2 protein chains.
Amino acid sequence: MVVRGDVYDRNCPTRVIANHATGQWGSLVLGKLLDDGGGTKRFSELRREVSGISEKMLAQTLQALERDGLVHREVHPVIPPRVDYSLTALGTHAAKQISELFGWIEENLPSFMAAQDEYDARRAEKV
Amino acid sequence: MVVRGDVYDRNCPTRVIANHATGQWGSLVLGKLLDDGGGTKRFSELRREVSGISEKMLAQTLQALERDGLVHREVHPVIPPRVDYSLTALGTHAAKQISELFGWIEENLPSFMAAQDEYDARRAEKV
DNA sequence: CAGTATCCTTGGAGATACTG
DNA sequence: CAGTATCTCCAAGGATACTG
């Protein structure tokens, strides 16, 4: 159907943006910014709250999200430096969708774990 | 708030499943299976339709999705081999959410491209 | 504090060839 | 056809140290 921007077509910008928004770090950063209820978060807050992310990946992730127009970056010219990150309108919409999906996965975690157990059991008996 | 299953906590099963479902290949495979309107798709169909995926990654992706209970795998004992993939109830729900998000990105592609252009322009003039 | 810069390692991912 | 096995390589990503 759609040809321009079709996410199933490689080398399509849609796919790149989708990967930023749904990637392992991008999705979590968007989620955390949404949790704040449209407020702002600082670099170090995100670093702490998104468990496992390194400084490098956080910086890189935020840059990609900012470039895509999902995140707004506000620099305060003070010492020590202070930079606030927040969601744009686009980012808020994306974050809501992702957050919903993640919430649904959490809610259904028992079903997922059961599926995994069953899969593993089936594989075990075939050996 | 939530501790067990919290996606923001590393080493949490939720995050692993989320990554399978929203990862660059997983998301596209789920999307393609949904496009088929609850029908089935064969390995080679998916290979063709998800532009850029290799056999290895498709096999690996399908296995992860099957293990998580998102995809059902039906083997027909015929020659030549025939294997049908379809969405489970869980998979259908996940696929719908992802598909919606991707559709929204496609629709708003102009906004994203504009944001990127603006970002690049701002960076260029600062040099 | 909010990043860069650097180095280094792991494994994600492709290509190819083979099998039931 | 639907995979698996193997080899290979590049880039994603982590750790550390440094700077405005």
Side-chain angles (χ1 to χ4, degrees), chain A residues 8 10-11 15-29 32-33 36 40-67 71-86 119 122-123 126-127, chain B residues 9-11 15-29 32-33 36 40-67 71-86 119 122-123 126-127:
Chain A
Y8 297 107
R10 70 166 141 191
N11 306 130
R15 199 187 272 193
V16 178
I17 294 165
N19 285 341
H20 290 161
T22 67
Q24 73 164 325
W25 298 129
S27 59
L28 294 177
V29 168
K32 269 302 171 190
L33 287 172
D36 208 29
T40 66
K41 277 203 187 291
R42 306 179 60 175
F43 188 88
S44 50
E45 284 183 283
L46 289 168
R47 172 104 170 78
R48 241 176 300 117
E49 293 174 8
V50 178
S51 164
I53 196 168
S54 67
E55 287 190 4
K56 180 183 167 183
M57 290 319 297
L58 180 55
Q60 205 167 294
T61 300
L62 284 168
Q63 279 171 20
L65 295 177
E66 188 196 355
R67 179 166 185 266
V71 160
H72 176 66
R73 180 172 182 270
E74 182 98 34
V75 183
H76 302 279
V78 297
I79 292 180
R82 178 189 182 94
V83 181
D84 285 333
Y85 292 94
S86 57
Y119 179 92
R122 241 182 302 133
R123 298 218 100 197
K126 285 210 173 171
V127 174
Chain B
D9 177 23
R10 69 167 141 194
N11 306 128
R15 197 187 274 194
V16 178
I17 294 165
N19 286 339
H20 290 162
T22 68
Q24 74 164 325
W25 297 129
S27 59
L28 294 176
V29 167
K32 268 301 171 190
L33 287 172
D36 208 29
T40 67
K41 278 203 185 294
R42 305 179 59 176
F43 188 88
S44 50
E45 284 183 282
L46 289 168
R47 172 104 169 78
R48 241 176 299 116
E49 293 174 8
V50 178
S51 165
I53 196 169
S54 66
E55 287 189 4
K56 179 183 165 184
M57 290 318 297
L58 180 55
Q60 207 167 294
T61 300
L62 284 169
Q63 279 171 21
L65 295 178
E66 187 196 357
R67 178 165 186 269
V71 161
H72 176 67
R73 180 171 181 269
E74 183 99 35
V75 183
H76 302 279
V78 296
I79 292 181
R82 178 188 181 95
V83 181
D84 286 333
Y85 292 94
S86 56
Y119 180 92
R122 242 181 302 132
R123 296 219 102 197
K126 285 210 172 170
V127 175

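Please read these numbers as outputs of a predicted model, since none were measured by experiment. Residue numbers start from 1 in every chain, and the chains themselves are labelled A, B, ... in the order their sequence lines are given, proteins ahead of strands.
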Please name all residues satisfying salt bridge (charged side-chain N to carboxylate O under 4.0 Å, His left out) with B:E49, sequence neighbours left out, ordered by chain then number.
B:K41
B:K32 meets the salt bridge (charged side-chain N to carboxylate O under 4.0 Å, His left out) criterion, sequence neighbours left out, with B:D35
Once you apply a heavy-atom cut-off of 4.0 Å, does B:R47 come out as touching a base, just sugar-phosphate, or nothing?
nothing
Roughly how far, to the nearest 0.5 Å, is the OG1 atom of B:T22 from the CD1 atom of B:I17?
11.5 Å
When rounded to the nearest 0.5 Å, the distance separating CD of B:E45 from OG1 of B:T40 is 7.0 Å
So, using side-chain contact (heavy atoms from CB on, under 4.5 Å) as the criterion, who are the partners of A:R73 when residues are at least two apart?
A:E66, A:V75, A:V83, A:Y85
Which residues pass the side-chain contact (heavy atoms from CB on, under 4.5 Å) test with A:R82, sequence neighbours left out?
A:R42, A:H76, A:V78, A:D84
Enumerate donor-acceptor pairs with a distance under 3.5 Å from any side-chain N or O in residues 51-65 of chain A to protein atoms, sequence neighbours excluded.
unit_1, atom_1, unit_2, atom_2, d
A:S51, OG, B:R10, N, 3.0
A:S54, OG, A:M57, N, 3.2
A:T61, OG1, A:M57, O, 2.6

What one-letter contact string describes nucleotides 5-14 of chain C from 5' to 3', where B marks a base within less than 4.0 Å of any protein heavy atom, S marks contact via sugar-phosphate atoms alone, and - marks no contact?
--------BB
For B:R47, which residues count as a side chain to side chain donor-acceptor pair (under 3.5 Å) partner, sequence neighbours excluded?
none
When Watson-Crick pairs (N1 to N3 and N6-O4 or O6-N4) and G-U wobble pairs (N1-O2 and O6-N3) count only below 3.5 Å on both distances, what is the dot-bracket string of DNA chain D, with | for other-strand pairs?
||||||||||||||||||||
Identify the 5'-most and 3'-most nucleotides of DNA chain D with at least one atom closer than 4.0 Å to a non-hydrogen atom of chain A.
D:dG13 to D:dG20
Heavy-atom distance under 4.5 Å between the side chains of B:L28 and B:Q24, does that happen here?
no
